[in-house]
Engineer: 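Have a look at the structure that comes next, please.
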Amino acid sequence: QVQVVESGGGLVQAGGSLRLSCAASGSIFSINAMGWSRQAPGKQRDLVATITSVGSTNYADSVKGRFTISRDNANNTVYLQMNSLKPEDTAVYFCNADVRLRPSTMTPFRYWGQGTQVTVSS
């Protein structure tokens with residue numbers, strides 16, 4: 001019913017920039033919030049950034065001032081602009097979309113993408 005697809009990952013040198021995109025598609029009534037999380041090998045999955053449909057944002061302390069999350073509500077798309085990248089940013093980045101499938105369902109279901117690899121070299 002719903003697909004979430006990330007793109008934009010790759011290899012970048014420390015200090016460089018990368019822009020990730022994520023689009024949700026399918027039988028969607030509305031999306032309450034979208035966000036990004038990341039997971040490095042052997043580590044837990046951590047929140048990176050979230051954004052609601054009205055534009056409220058949250059960031060992990062480790063990325064504040066460097067990353068910016070934004071969204072295009074009309075196209076069910078979220079972006080993550082990553083600047084001043086560090087080797088410790090290396091991880092698989094996962095996008096989520098909190099989707100309402102029909103108007104009578106107020107509680108959204110969280111769909112996840114498959115992830116996109118970001119590698120930052122020193």
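Counting from 1, the numbers follow the sequence of the chain as shown. Not measured: the values here are computed from a predicted model.
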Engineer: For the CD atom on Q114, are there more than 12 heavy atoms of other groups (residues, nucleotides or ligands in this structure) within a distance under 6.0 Å?
Structural biologist: no

Engineer: Can you run down the ring-ring contact (aromatic ring centres under 6.0 Å, His included) pairs that involve residues 32-84, sequence neighbours left out, and say none if there aren't any?
Structural biologist: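 Listed by first then second residue: nothing to list.
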
Engineer: Are there more than 12 heavy atoms of other residues, nucleotides or ligands under 6.0 Å from atom CD of E88?
Structural biologist: yes

Engineer: For the atom pair CG (N73) and CE (M34), what is the distance rounded to the nearest 0.5 Å?
Structural biologist: 9.0 Å

Engineer: I would like to know whether E6 and Y93 meet side chain to side chain contact (heavy atoms under 4.5 Å, CB included); could you show each step before the answer?
Structural biologist: CA-CA 8 Å; E6 304 100 331; Y93 284 70; over 6 Å; no

Engineer: Return the CG to CZ distance between D98 and R100, rounded to the nearest 0.5 Å.
Structural biologist: 12.0 Å

Engineer: Which atoms form the tightest heavy-atom contact between A97 and V4, and what is the distance?
Structural biologist: CB-CG2, 4.2 Å

Engineer: Using a 4.5 Å cut-off on heavy atoms from C-beta on, say whether the side chain of F109 contacts that of V99.
Structural biologist: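 They are not in side-chain contact.
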
Engineer: Find the distance between CG (N76) and OG (S53) and round it off to the nearest 0.5 Å.
Structural biologist: 11.0 Å

Engineer: Can you give me the closest heavy-atom contact between R19 and S70, atom names plus distance?
Structural biologist: NH2-OG, 4.3 Å

Engineer: For the OG1 atom of T50 and the CZ atom of R71, what is their distance to the nearest 0.5 Å?
Structural biologist: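 CZ of R71 is found 10.5 Å from OG1 of T50.
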
Engineer: Quick one: does V118's side chain get under 4.5 Å of M82's, heavy atoms only?
Structural biologist: yes

Engineer: Is F94 linked to L85 within one hydrophobic cluster, defined over Ile, Leu, Val, Met, Phe, Trp and Tyr using a side-chain heavy-atom separation of less than 4.5 Å?
Structural biologist: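 Different clusters: F94 never reaches L85 through Ile, Leu, Val, Met, Phe, Trp or Tyr contacts under 4.5 Å.
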
Engineer: Identify all side-chain donor-acceptor contacts of residues 40-48 below 3.5 Å with residues at least two apart in sequence or on another chain.
Structural biologist:
from, atom 1, to, atom 2, distance (Å)
Q44, NE2, D46, OD1, 3.3

Engineer: Sequence neighbours left out, what passes side-chain hydrogen bond (donor to acceptor under 3.5 Å, both in side chains) with S56? Give chain and number order.
Structural biologist: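 Checked S56 against side-chain hydrogen bond (donor to acceptor under 3.5 Å, both in side chains); zero matches.
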
Engineer: Please find the pair of heavy atoms, one from A14 and one from S122, that lie closest to each other, and give the distance.
Structural biologist: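 Taking every non-hydrogen atom into account, CB-CA, 4.4 Å.
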
Engineer: I need the full list of disulfide (SG to SG under 2.5 Å) pairs touching residues 60-122, with sequence neighbours left out, sorted by first then second residue.
Structural biologist: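 For residues 60-122, and leaving out neighbouring residues, the disulfide (SG to SG under 2.5 Å) pairs sorted by first residue read C22-C95.
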
Engineer: Checking T116 against V92 for the side chain to side chain contact (heavy atoms under 4.5 Å, CB included) test, could you report, in this order, the C-alpha distance in whole Å, the side-chain angles of both residues, the deciding distance, and whether it holds?
Structural biologist: CA-CA 5 Å; T116 184; V92 177; over 6 Å; no

Engineer: Rounded at 0.5 Å granularity, tell me how far CG in N96 sits from CH2 in W112.
Structural biologist: 4.5 Å

Engineer: Could you check whether any side-chain heavy atom of R38 comes within less than 4.5 Å of a side-chain heavy atom of V63, counting everything from C-beta outward?
Structural biologist: yes

Engineer: Would you please name every residue forming a salt bridge (charged side-chain N to carboxylate O under 4.0 Å, His left out) with R66, sequence neighbours left out?
Structural biologist: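 By the salt bridge (charged side-chain N to carboxylate O under 4.0 Å, His left out) rule, R66 matches D89.
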
Engineer: For residues 24-33, run the donor-acceptor check on the side chains, cut-off 3.5 Å, and write out each pair with its distance to 0.1 Å, sequence neighbours left out.
Structural biologist:
from, atom 1, to, atom 2, distance (Å)
S27, OG, Q1, OE1, 3.0

Engineer: For S7, does its backbone N or O pair with a side-chain atom of S21 as donor and acceptor, under 3.5 Å?
Structural biologist: no

Engineer: Can a side-chain donor-acceptor contact be found between D72 and T77 if the only test is distance below 3.5 angstrom?
Structural biologist: no

Engineer: Mark yes when over 12 heavy atoms from residues, nucleotides or ligands other than Q117 sit less than 6.0 Å from its CD; otherwise mark no.
Structural biologist: yes

Engineer: When rounded to the nearest 0.5 angstrom, what is the spacing between CD1 in I69 and CG in L80?
Structural biologist: 6.0 Å

Engineer: So L101 and V2, do their side chains get closer than 4.5 Å, heavy atoms only?
Structural biologist: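 Yes; the side chains approach each other to less than 4.5 Å.
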
